[in-house]
Amino acid sequence: MSKTTVSAPANIAFIKYWGASDLDRAIPMNPSISMSLEHCVSKCTVEVLSHEGEDEVWLAEPDGGFGTPSPAFAQRVRDHLGRIRRWAGREEAVRVATRNSFPTAGGLASSASGFAALTLAAAGAYGKGGAPPHELSLLARRSGSGSAARSVFGGYVEWPRPKAGSGEEDSYAAPIAKAEHWDLHDVIAVVEIGPKTVSSLEGHRRAPTSPYYTKRQELLPGRLDIVRRAIKERDLAALGPVLEEEAVDLHLIAMSSHPPVWYWSPGTIAVLRAVRELRQEGLAAWTTMDAGANVHVICDAESADDVADRLESLPAVGFVIQDGVGGGPETETTHLF
Ligand code: PMV
């Protein structure tokens, strides 16, 4: 029986995907740009069984054991496996297990890396691992966890919205620069662990009810230009302020949605303040957050240890993960089962 294991990275969005024209298929209202991470990854093993029927879905625990995911999550996985089977022209059920190298569902993009790894491992197990990368990105996007489209690649990645008048087949991600192009670091201050109270799917659903939603859409073309240029020219001083504007706007929209969504915790504010102080002391470090309370601090390689030391000294910070730009998904020779 054919078994494939793939590790796919989490990613941190510089320009956020927030709001969709079709949530089930994750057709985004706006383009987004992210950096794929090196150490925060999901590893997924898919084994094709010799029969049709229900897929077996497992979550691998850190101690090496296996647990069952919530019924709702298992269903999302099975729905996506059905989609991959139709695409691959196959019918057999699979056994699948996933392990994250980082805390799950704390705004650390476990669904992006998880669905990217699932897509790539299932494609491989069904004999379609050599499919064009854009097809795999499209397939990962259709999981409903749209940012998974970006986690199919390493380095710096852009995911456009569909062109006017087209369907949704052209809304897949593509790399805009390789990891080696710019050694950016991401020092993650974990202030809250455990599942967030409102999923990002629900956040997307509510986003257009915020009065600030349309305003952000107007500002995005300018921000996208700055971020693309900053990446090309390795210009952190240009990138940093846009990172912070984007993160604040995402949370501003969330907090002013109907009903409102609050992802921040007191620890979030403590970290934001500490990073402003670090900048006053001369360090180039800038914050961003996805749909959660934890804060990603983007900085250059030389500043990463100093940033981590400062964040670790804050009582509100549980622990710090030192990560940085990574090369993208890898096929593994060691399987989870
Ligand atoms: O891919 P989703 O549905 O989990 O949404 C991701 C939303 C953000 O992480 C907040 C932004 C992004 O672009 O990753």
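Only a predicted model underlies this, so the values are computations on that prediction, with no experimental measurement involved. Atoms within a ligand are numbered from 1 in the order they appear, just like the ligands themselves.
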Q: Heavy-atom contacts with Lys16 under 4.0 Å: which atoms of ligand 1 show up? List them by number with element.
A: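 Ligand 1 atoms under the 4.0 Å threshold to Lys16: 13 (O).
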Q: Would you call Arg206-Glu202 a salt bridge at under 4.0 Å N-O?
A: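 Here Arg206 pairs with Glu202 in a salt bridge, since their nearest N and O are under 4.0 Å apart.
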Q: Could you walk me through whether Asp225 and Arg228 pass the salt bridge (Lys or Arg N to Asp or Glu O under 4.0 Å) test, one step at a time?
A: CA-CA 5 Å; Asp225 282 349; Arg228 289 187 196 113; 3.3 Å; yes
Q: Run the numbers for me: atoms of ligand 1, each under 4.0 Å from some heavy atom of Ser147, listed by number.
A: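 Heavy-atom distances to Ser147 below 4.0 Å select 1 (O), 2 (P), 4 (O), 6 (C), 14 (O).
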Q: Of Arg223, Arg276, Arg279, which meets salt bridge (Lys or Arg N to Asp or Glu O under 4.0 Å) against Glu244?
A: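 It is Arg279, the one option of Arg223, Arg276, Arg279 that forms the salt bridge (Lys or Arg N to Asp or Glu O under 4.0 Å) with Glu244.
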Q: Going by the rule salt bridge (Lys or Arg N to Asp or Glu O under 4.0 Å), which residues pair with Glu54 if we only count those two or more places apart in sequence or in a different chain?
A: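 Testing Glu54 for salt bridge (Lys or Arg N to Asp or Glu O under 4.0 Å), a comparison that skips the adjacent residues, returns Arg78.
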Q: Would you say ligand 1 has an N or O under 3.5 Å from any N or O of Tyr17?
A: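 Yes, at least one N or O pair falls under 3.5 Å.
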Q: Which ligand 1 atoms does Gly146 reach within 4.0 Å, using its non-hydrogen atoms?
A: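 Listed by number with element, the hits are 1 (O), 3 (O).
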Q: Can you list the ligand 1 atoms lying under 4.0 Å from a non-hydrogen atom of Ala291?
A: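 Numbered from 1, ligand 1 contributes 10 (C).
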Q: At a 4.0 Å cut-off, with the gap strictly under it, does some heavy atom of Ser111 reach an atom of ligand 1?
A: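 Under 4.0 Å: yes for Ser111.
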Q: Of all residues at least two apart in sequence or in a different chain, which pass the salt bridge (Lys or Arg N to Asp or Glu O under 4.0 Å) check with Glu233?
A: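 Per chain and number, Glu233 pairs via salt bridge (Lys or Arg N to Asp or Glu O under 4.0 Å) with Arg229.
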Q: With distance as the sole criterion, is a donor-acceptor pair present between the side chains of His335 and Thr5 under 3.5 Å?
A: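 On atom types as modelled, these side chains qualify, holding a pair under 3.5 Å.
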Q: Answer whether the closest heavy-atom distance between the side chains of Arg95 and Trp58 falls below 4.5 Å.
A: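 Of all side-chain heavy-atom pairs linking Trp58 with Arg95, at least one is under 4.5 Å.
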Q: So if I count the atoms of ligand 1 from 1 in the order they appear, which ones are less than 4.0 Å from some heavy atom of Leu250?
A: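 Those qualifying, in numeric order: 10 (C).
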Q: Can you list the atoms of ligand 1 that are under 4.0 Å from a heavy atom of Ala13?
A: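 Numbered from 1, ligand 1 contributes 12 (C), 13 (O), 14 (O).
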Q: Regarding ligand 1, does Asn11 bring an N or O atom to under 3.5 Å of one of the ligand's N or O atoms?
A: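 No; every N/O pair is 3.5 Å or more apart.
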Q: Does an N or O anywhere in Ser200 fall below 3.5 Å from an N or O of ligand 1?
A: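 The answer is yes, given that Ser200 and ligand 1 share an N or O pair closer than 3.5 Å.
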Q: Can you list the atoms of ligand 1 that are under 4.0 Å from a heavy atom of Ser145?
A: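 Selected atoms, number and element: 1 (O), 4 (O).
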Q: Has Glu245 got more than 12 heavy atoms of other residues, nucleotides or ligands less than 6.0 Å from its CD?
A: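 Above 12, so yes.
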